[in-house]
Amino acid sequence: MSSPGDHRAFNRVPEVTVAFWLIKVMAVTMGETAADYLAVNLGLGLTATSLIMTGILVVALVLQFAQKRYVPWAYWLAVVLISIVGTLVTDNLVDNFGVRLETTTIAFSIALALTFIAWYANEKTLSIHTIFTTRREIFYWLAILFTFSLGTAAGDLVAERFDMGYLPTGLIFGGVIGIIALAYYAFGLNGILAFWLAYILTRPLGASFGDLLSQPVEYGGLGFGTTFTSLIFLGCIVAIVLYMTLRGLFDEDDELVVR
């Protein structure tokens, strides 16, 4: 256990485990349904919802940056909120400004690529195992935001513009993620590349299944509604994060960076 005066550098983001991917998929699913709930069901509209959620996200990121190490509740709060905001960014561009989904998909792909280029140029690594400085964490969260906006655009493009439907779209992206996993475990695909590709694709995967559960039957969904769907996934996320937090109290040095 570390002492009060311990100044060692700790990784500020979680290790990539089954629990990580489980919460990630639930977070992006909730991001899709929660954004719809706030903007449509509560009648706030896209603009007001975007401003409110962006303000809350800023507060959450301030809390996250203040931790200087991985703290489950702070990290996953930021992920859930950035998932919602990332969805709203794409929705605003498409619905309020009339930008085509093809254009937003290409634009966010370029923005994400430029973020990775700047990140590597400054840090010589894109590893998520060594996020122990503020600059690296800024690049990390900027990349996360663009992956959510890109995933939203790509998922909507396939499901709606290409008229594939929510379930087939989810299965398509799930299949691609499976191929990436196979390439990593069986054929030695670079771990960093595999992680970021999977991270991007889990967004449209989760969003597709979120829409499948929440959208009315006449629109290709199962009709559970955004309220019920959002609460179910929020409850699961809270339960897992609580477990991770309690477990972390007994193993504080797990995130120590030694690279």
Exercise. Between the main-chain N or O of Thr227 and the side-chain N or O of Ser230, is there a donor-acceptor pair closer than 3.5 Å?
Worked result: no
For this session: Please list, chain by chain and in numerical order, all residues satisfying side chain to side chain contact (heavy atoms under 4.5 Å, CB included) with Gln215, sequence neighbours excluded.
Result: Asp36, Tyr166, Asp211
Donor-acceptor pairs are to be reported for all side-chain atoms of residues 19-26 against protein atoms at under 3.5 Å, with residues two or more places apart or in another chain.
unit_1: Lys24; atom_1: NZ; unit_2: Tyr199; atom_2: O; d: 3.1
unit_1: Lys24; atom_1: NZ; unit_2: Thr202; atom_2: OG1; d: 2.5

Seminar exercise, completed: For Ile180, the side chain to side chain contact (heavy atoms under 4.5 Å, CB included) test, sequence neighbours excluded, returns Val176, Leu189, Ala194, Leu197, Leu201
For this session: With sequence neighbours left out, write down each residue that passes side-chain hydrogen bond (donor to acceptor under 3.5 Å, both in side chains) with Thr229, or none if nothing qualifies.
Result: none
Exercise. What distance separates Met164 CE from Leu157 CG, expressed to the nearest 0.5 Å?
Worked result: 11.0 Å
Seminar exercise, completed: To the nearest 0.5 Å, atom CG of Leu222 lies from atom OG of Ser214 at 9.0 Å
Problem set entry | Ala34 to Ile84 - nearest heavy-atom pair and separation | CB-CD1, 3.9 Å
Problem set entry | Sidechain-backbone polar pair: Thr29 side chain, Gly206 backbone, donor-acceptor under 3.5 Å | yes
Problem set entry | Non-neighbouring partners of Ser208 that pass side-chain hydrogen bond (donor to acceptor under 3.5 Å, both in side chains), sequence neighbours left out | none
Show me the side-chain donor-acceptor pairs of residues 143-151 shorter than 3.5 Å, one per line, residues at least two apart or across chains.
unit_1: Thr147; atom_1: OG1; unit_2: Ile144; atom_2: O; d: 2.6
unit_1: Ser149; atom_1: OG; unit_2: Gly86; atom_2: O; d: 3.1
unit_1: Ser149; atom_1: OG; unit_2: Leu145; atom_2: O; d: 3.4

Exercise. Going by side-chain heavy atoms closer than 4.5 Å, which hydrophobic residues are tied to Phe187, directly or by a chain of links?
Worked result: Leu182
Exercise. Are the side chain of Glu137 and the backbone of Ile131 linked by a donor-acceptor contact shorter than 3.5 Å?
Worked result: no
For this session: Would you list the pairs meeting side-chain hydrogen bond (donor to acceptor under 3.5 Å, both in side chains) in which at least one residue belongs to residues 182-197, sequence neighbours left out?
Result: none
Problem set entry | side chain to side chain contact (heavy atoms under 4.5 Å, CB included) against Arg135, all qualifying residues, sequence neighbours excluded | Asn122, Glu123, Thr133, Phe139
Exercise. Which atom pair, heavy atoms only, marks the closest approach of Val94 to Thr104?
Worked result: CG2-CG2, 4.2 Å
Exercise. Does a sphere of radius 6.0 Å around OH in Tyr120 hold more than 12 heavy atoms from other residues, nucleotides or ligands, not counting ones at 6.0 Å or beyond?
Worked result: no
Can you give each donor-acceptor pair under 3.5 Å made by side-chain atoms of residues 105-116, sequence neighbours left out, with the distance rounded to 0.1 Å?
unit_1: Thr105; atom_1: OG1; unit_2: Leu101; atom_2: O; d: 2.8
unit_1: Ser109; atom_1: OG; unit_2: Thr105; atom_2: O; d: 2.7
unit_1: Thr115; atom_1: OG1; unit_2: Ala111; atom_2: O; d: 2.9

Seminar exercise, completed: side chain to side chain contact (heavy atoms under 4.5 Å, CB included) filter on Leu167, not counting sequence neighbours, yields Leu171, Phe209, Leu212
Exercise. Quick one: does Pro72's side chain get under 4.5 Å of Tyr243's, heavy atoms only?
Worked result: no
Problem set entry | Flag, side chain of Thr103 to backbone of Val99, donor-acceptor distance under 3.5 Å | no
Problem set entry | Minimum-distance pair of heavy atoms, taken over all atoms of Ala154 and Phe173 | O-CZ, 4.1 Å
Exercise. Does Trp119 have any side-chain hydrogen bond (donor to acceptor under 3.5 Å, both in side chains) partners at least two apart in sequence or in another chain, and if so, which?
Worked result: none
